[in-house]
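Before any comments, here is the structure.
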Amino acid sequence: MKTIEEIKEFATKIRIETIRCIKQRGFGHIGGSMSIADVLAVLYGNIMKYDPKDPAWKERDYLVVSKGHAGPALFAALALKGFFPVEWLATLSEPGTRLPSHCDRLRTPGVDVSTGSLGQGLSIAAGIAQVFGMRKQENRVYAVLGDGECAEGQIWEAAQYASHYKLNRLVAFVDWNKRQVDGYLEDIMSVGDIAEKFEAFGWMAAVVDGGDVRAIQQAVLELQKKQADRPAVVVLDGIKGSGVPEFEQMEYNHHFALTPELADKVIADLEKQMSKGEI
């Protein structure tokens with residue numbers, strides 16, 4: 001088990017490599033990639049079972065990043081864990097790349113499900129969890145959803161399905177960063193109390209600081225201990241672009257052009273924080 005300090009450092013490294021990845025392309029989905037760095041660090045640091053040398057290992061836990069546009073953050077985590085060379089990150093969305101802008105299981109080692117069409121990931125995760133249950137397998141399934149995509153009706157159909165079939169191998173996370181591509185949720189489509197909604201569908205739910213790796217890890221472990229016959233969700237109360245003040249303060253930080261100068265400054269700041277133990 002990694003220490004909390006090691007998980008914090010891993011989350012910072014995910015942010016750094018994600019920014020380097022997007023820097024090469026010059027633009028990308030930065031805000032929502034930053035806001036899932038901490039949960040990815042917890043999952044790949046201490047929670048999930050996997051084998052970088054055998055991405056198709058039958059006993060592995062599955063991760064469905066339903067908000068597939070945050071693929072660069074997932075790619076960074078996978079590269080740092082040795083699923084493929086870190087050098088691949090410089091090829092994001094280039095012709096012939098193994099790293100398209102959205103998650104693609106046929107191209108990228110370690111990606112379990114192709115995503116990007118928002119609203120579908122939880123249904124896929126529920127299906128995988130049900131198969132594991134039918135086969136009496138111990139594998140778990142984790143799904144990362146965007147808060148904006150929770151306006152999709154299919155999310156709640158999947159929530160109802162997972163509860164009815166008592167899919168206790170499933171844990172979902174909602175990246176509640178309060179924004180989507182064209183503005184704030186409260187202006188575009190309020191999703192209300194996300195945890196309360198999942199609880200109404202029969203799920204166990206917890207709300208934690210989305211930038212606190214200790215809180216995220218504790219919530220997952222505690223929910224899984226009690227998860228006898230229900231799926232569980234952790235709502236990550238966070239900020240879009242989290243961990244990088246320059247990104248957090250942008251009015252539109254979902255997808256934007258990233259200059260080499262800004263990328264280099266942000267990377268240098270994160271590396272300095274890490275070297276000083278300030279993360």
TODO: Check side chain to side chain donor-acceptor pair (under 3.5 Å) between Tyr50 and all other residues, then give those that pass, not counting sequence neighbours.
DONE: none

Task: Any side-chain heavy-atom pair of Met34 and Thr18 under 4.5 Å - done: yes

Open item on the list: For residues Val233 and Val208: do they belong to one hydrophobic cluster (side chain heavy atoms under 4.5 Å, members Ile, Leu, Val, Met, Phe, Trp, Tyr)?
Closed with: no

Open item on the list: One thing to verify: whether Lys23 and Asp264 come together as a salt bridge, which I'm taking to mean a side-chain N less than 4.0 angstrom from a carboxylate O.
Closed with: yes

Task: Within 6.0 Å of NZ in Lys2, more than 12 heavy atoms from elsewhere - done: no

Task: Lys240/Asp175 salt bridge by N-O under 4.0 Å criterion - done: no

- [ ] Check ring pair (Phe, Tyr, Trp, His ring centres under 6.0 Å) between Phe198 and all other residues, then give those that pass, not counting sequence neighbours.
- [x] Trp156, Trp203

TODO: Assess the side chains of Glu149 and Ser66: does a donor N or O sit below 3.5 Å from an acceptor N or O?
DONE: yes

TODO: Please list, chain by chain and in numerical order, all residues satisfying side chain to side chain donor-acceptor pair (under 3.5 Å) with Lys265, sequence neighbours excluded.
DONE: Glu246, Asp269

Task: Gap separating the NZ atom of Lys49 from the CG atom of Asp61, nearest 0.5 angstrom - done: 5.5 Å

Open item on the list: Is there a path of hydrophobic side-chain contacts, each under 4.5 Å between heavy atoms of I/L/V/M/F/W/Y residues, joining Val213 to Tyr142?
Closed with: yes

Task: Side chains of Cys103 and Thr108 in contact at under 4.5 Å (non-hydrogen atoms) - done: no

TODO: Verify whether the ring centers belonging to Tyr161 and Tyr165 lie closer than 6.0 Å.
DONE: yes

Task: Distance-only side-chain donor-acceptor flag, Gln217 / Asn46, under 3.5 Å - done: yes

Task: Heavy-atom pair with the smallest gap, counting every atom of Ile14 and Ala73 - done: CG2-O, 3.8 Å

Scan the side chains in residues 77-93 for donor-acceptor partners under 3.5 Å anywhere in the protein, sequence neighbours excluded, and list what turns up.
| unit_1 | atom_1 | unit_2 | atom_2 | d |
| --- | --- | --- | --- | --- |
| Thr91 | OG1 | Trp88 | O | 2.6 |
| Thr91 | OG1 | Thr97 | OG1 | 2.8 |
| Ser93 | OG | Ser101 | N | 3.3 |

TODO: Answer whether the closest heavy-atom distance between the side chains of Ile194 and Trp176 falls below 4.5 Å.
DONE: yes

Task: Heavy-atom closest pair, residues Leu122 and Ala172 - done: CD1-CB, 4.1 Å

Task: Side chain to side chain, Leu40 and Leu63, heavy atoms closer than 4.5 Å - done: yes

TODO: Kindly work out whether a path of hydrophobic side-chain contacts (I/L/V/M/F/W/Y, heavy atoms less than 4.5 Å apart) joins Leu223 to Val207.
DONE: no

Open item on the list: Can you confirm whether Val144 sits close enough to Lys67 that some side-chain heavy atom of one is under 4.5 Å from a side-chain heavy atom of the other?
Closed with: yes

Task: Residue pairs passing the side chain to side chain donor-acceptor pair (under 3.5 Å) test where at least one lies in residues 3-16, sequence neighbours excluded - done: Thr3-Glu6, Glu9-Lys13, Arg15-Asp38, Arg15-Ser242

Open item on the list: Is any side-chain heavy atom of Gln227 closer than 4.5 Å to one of Asn168?
Closed with: yes

TODO: Indicate if Leu221 and Val234 have the same hydrophobic cluster label, given that clusters are the connected sets of ILVMFWY residues with side-chain heavy-atom separations under 4.5 angstrom.
DONE: yes

- [ ] Check the pair Ile30 / Phe256 against side-chain contact (heavy atoms from CB on, under 4.5 Å), numbers first and verdict last.
- [x] CA-CA 7 Å; Ile30 298 174; Phe256 59 90; 3.4 Å; yes

- [ ] Quick one: which residue pairs count as a side chain to side chain donor-acceptor pair (under 3.5 Å) with a foot in residues 190-199, not counting sequence neighbours?
- [x] Glu186-Ser190

Task: Pair Glu17 + Arg20: basic N to acidic O under 4.0 Å - done: yes

Open item on the list: Does any part of the side chain of Glu94, heavy atoms only, come nearer than 4.5 Å to the side chain of Gln24, both counted from C-beta?
Closed with: no

- [ ] Indicate, with yes or no, if the rings of His255 and His69 have centres closer together than 6.0 Å.
- [x] no

Task: Note: Arg60-Asp112 ion pair, threshold 4.0 Å (strictly below) - done: yes

Open item on the list: Once rounded to the nearest 0.5 Å, what's the spacing between atom OG of Ser123 and atom CD1 of Ile155?
Closed with: 7.0 Å

Open item on the list: Would Arg135 pass as a cation-pi partner of Phe132, given that its NZ or CZ must be under 6.0 Å from the six-membered ring centre and within 45 degrees of the axis?
Closed with: no

